[in-house]
Amino acid sequence: SIFPSNSTLVGYRWTITFLRQSGNVNTMICDKSALTGSNSAVGAHCNVTTIQEGTLIDGTFQLQTTFPHIYVGKPINQTATRTPWNIDAAHLQSILTENSNFGAVTVTRQVYIPTGQLRWSGGYLWTVTFTERNGDIPLMTFYNSLSAVGATVHLETGGQSSLLTLDDPYTAVDGNEVKGYFGLTLVNSLGNSSTSTSSSFPVVSPVTGHALNETEFESILSSVLQSTSAVKVTRSAIPNYVMGYTYTVEFTGELYGG
């Protein structure tokens, strides 16, 4: 029984804290059918009130990726359909896969209770694996429209080189893509060598920020050969699964064949 401090009645006040029940627990109902009082004029009373509501996540979020890959062109933010806070793995997988900018993915989901906490408050850990897009895909971003009573909802994305700040499971694997520089050595028909530095040919153009194109490759190679008419370079239309391109060099003139 709960009575105000100035009440003339007597009884007990019990304060109950739920440690294992998840989320916002329904208010208990007091069954006083077998409860009596010594004052028959007043009888017995039993009231239940809530001191603090439980916390359970609510709302929605949206995941974002960028497309195309930076090696191919300028990446543009691509946003998936808005999803509820507790979306299951199958439906999240369907939403992302249906967006061609994300490509095919697989998704798993598990309940998440932060370290040191006893109760689940609606948290989940989703693991998204990109099975179609090539290269090292940038970390997804998001729009966070999640809420909870008396609390701020923490939402983040992580990867192998960008760990989650809370309880990272260390299961993420970054995609593979070619990076860095390379050099070339060419020997002409007279047996003379022309050698570039080991960093003459960058995978990524310092001018465009995309993969080195055929014009840039041809210009660098022509500089190494000290001739503007010794080679003609073409590049494959699309990259391979590690975002590398195939450059085809056609040599002209008597020194380098043709």
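Here the structure is a predicted model, which is why all the values come from computation and not from measurement. The analysis underlying the following values was restricted to heavy atoms, covering all of them including side chains, and did not include hydrogens, waters or symmetry mates.
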Apply side-chain contact (heavy atoms from CB on, under 4.5 Å) to D88 and R109, showing your working.
CA-CA 7 Å; D88 61 51; R109 188 192 75 170; 4.2 Å; yes
Take I95 and F102 through the test side-chain contact (heavy atoms from CB on, under 4.5 Å) and record every step on the way to the result.
CA-CA 10 Å; I95 285 174; F102 282 82; over 6 Å; no
Apply the test side-chain contact (heavy atoms from CB on, under 4.5 Å) to residues W85 and V153: give CA-CA distance (whole Å), side-chain angles for both, the deciding distance (0.1 Å), then the verdict.
CA-CA 10 Å; W85 66 275; V153 180; over 6 Å; no
Apply side-chain contact (heavy atoms from CB on, under 4.5 Å) to residues R133 and F67 and explain how you reach the verdict.
CA-CA 10 Å; R133 288 185 59 180; F67 187 85; 3.9 Å; yes
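Side chain of T83 to backbone of F61: a donor-acceptor contact under 3.5 angstrom is found. In terms of modelled atom types and a separation under 3.5 Å, the side chain of R119 and the main chain of I113 share no donor-acceptor contact. A donor-acceptor pair under 3.5 Å is absent between the side-chain atoms of Q64 and the main chain of M140, judged by distance alone. In this structure, the side chain of Q62 does not engage the main chain of T81 through any donor-acceptor pair within 3.5 Å. With hydrogens and angles ignored, the 3.5 Å screen pairs no side-chain donor or acceptor of T157 with any backbone N or O of T141. Side chain of T55 to main chain of V149: a donor-acceptor pair is present (N/O by atom type, distance under 3.5 Å, no hydrogens or angles). No side-chain donor-acceptor contact under 3.5 Å links S100 to the backbone of G103. With hydrogens and angles disregarded, a donor-acceptor distance shorter than 3.5 Å links the side chain of E132 to the backbone of A104. For T50 (side chain) and E53 (main-chain N/O), no donor-acceptor pair under 3.5 Å exists by modelled atom type. S193 places no side-chain N or O within donor-acceptor distance of the main-chain N or O of T195, the cut-off being under 3.5 Å.
In this structure, I70 and H210 approach most closely via the heavy-atom pair O-ND1, 2.8 Å. Taking every heavy atom of both residues into account, F142 and L155 meet most closely at CZ-O, 3.0 Å. The minimum heavy-atom distance between R82 and S145, with the atom names listed, is NH1-OG, 3.4 Å. Residues S196 and V224 approach most closely at CB-CG2, 3.5 Å, considering heavy atoms. In terms of heavy-atom proximity, V105 sits nearest to T97 at N-OG1, 3.3 Å. Residues T79 and N99 approach most closely at O-ND2, 3.5 Å, considering heavy atoms.
The shortest distance between side-chain heavy atoms of K232 and T252 does not fall below 4.5 Å. Counting heavy atoms from C-beta outward, L35 and C46 have side chains that approach closer than 4.5 Å. Within the 4.5 Å cutoff, the side chain of I220 has heavy atoms near those of the P202 side chain. Counting heavy atoms from C-beta outward, L63 and L92 have side chains that approach closer than 4.5 Å. Annotation: side chain of N134 is not in contact with side chain of P239 (no heavy-atom distance under 4.5 Å). Within the 4.5 Å cutoff, the side chain of L186 has heavy atoms near those of the L225 side chain.
Q78 and T65 form no side-chain donor-acceptor contact under 3.5 Å, judged by distance and modelled atom types alone. A donor atom on one side chain and an acceptor atom on the other are not found under 3.5 Å apart for E214 and T234. Counted by atom type alone, S219 and S222 present zero donor-acceptor pairs between their side chains at under 3.5 Å.
More than 12 non-hydrogen atoms from other residues, nucleotides or ligands lie less than 6.0 angstrom from NE2 of H154. Other residues, nucleotides and ligands contribute over 12 non-hydrogen atoms within 6.0 Å of the CG atom of L118. With a 6.0 Å radius and a threshold of 12 heavy atoms from other residues, nucleotides or ligands, I29 has its CD1 atom at or below the threshold. In this structure, Y181 places its OH atom where only 12 or fewer heavy-atom neighbours from other residues, nucleotides or ligands lie under 6.0 Å away. When the shell of 6.0 Å around CZ of F182 is examined, it contains more than 12 heavy atoms from other residues, nucleotides or ligands. Applying the 6.0 Å contact sphere to CG of N26 captures no more than 12 heavy atoms from other residues, nucleotides or ligands.
Tracing side-chain contacts under 4.5 Å through hydrophobic residues (I, L, V, M, F, W, Y), one never reaches I51 starting from F18; they form parts of separate clusters. Note: the hydrophobic cluster containing V233 also contains V203 (ILVMFWY, side chain heavy atoms under 4.5 Å, direct or indirect links). Both V48 and I16 belong to a single network of hydrophobic side chains, linked directly or stepwise wherever heavy atoms of I, L, V, M, F, W or Y lie under 4.5 Å apart. Under a hydrophobic-cluster definition in which Ile, Leu, Val, Met, Phe, Trp and Tyr are linked whenever side-chain heavy atoms come within less than 4.5 Å, directly or via other members, I137 and L139 are assigned to different clusters.
Note that the CD atom of E218 and the CG atom of N213 stand 10.0 Å from one another [nearest 0.5 Å]. Note that the OG1 atom of T66 and the CD1 atom of I76 stand 10.0 Å from one another [nearest 0.5 Å]. A distance of 12.0 Å separates OG of S189 from CZ of F251, quoted to the nearest 0.5 Å. For the atom pair I57 CD1 and S147 OG, the distance stands at 9.0 Å (nearest 0.5 Å). Between the CG atom of N86 and the OG1 atom of T60 there is a distance of 11.0 Å, given to the nearest 0.5 Å.
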Contacts under 3.5 angstrom, residues 122-130 side chains, donor-acceptor by atom type, not counting sequence neighbours:
unit_1, atom_1, unit_2, atom_2, d
W126, NE1, I87, O, 3.0

Please output the side-chain donor-acceptor pairs of residues 241-250 that fall under 3.5 Å, not counting sequence neighbours, one pair per line with the distance.
unit_1, atom_1, unit_2, atom_2, d
Y247, OH, L212, O, 2.4

Table please: side-chain donor-acceptor pairs of residues 161-169 below 3.5 Å, with sequence neighbours left out.
unit_1, atom_1, unit_2, atom_2, d
S161, OG, D174, OD2, 2.9
T165, OG1, E156, OE1, 3.3
T165, OG1, E156, OE2, 3.0
D167, OD1, T115, OG1, 2.5
D167, OD2, Y112, OH, 2.5
D167, OD2, T115, N, 3.2
D167, OD2, T115, OG1, 3.4
D168, OD1, Y170, N, 2.7
D168, OD2, L164, N, 2.6

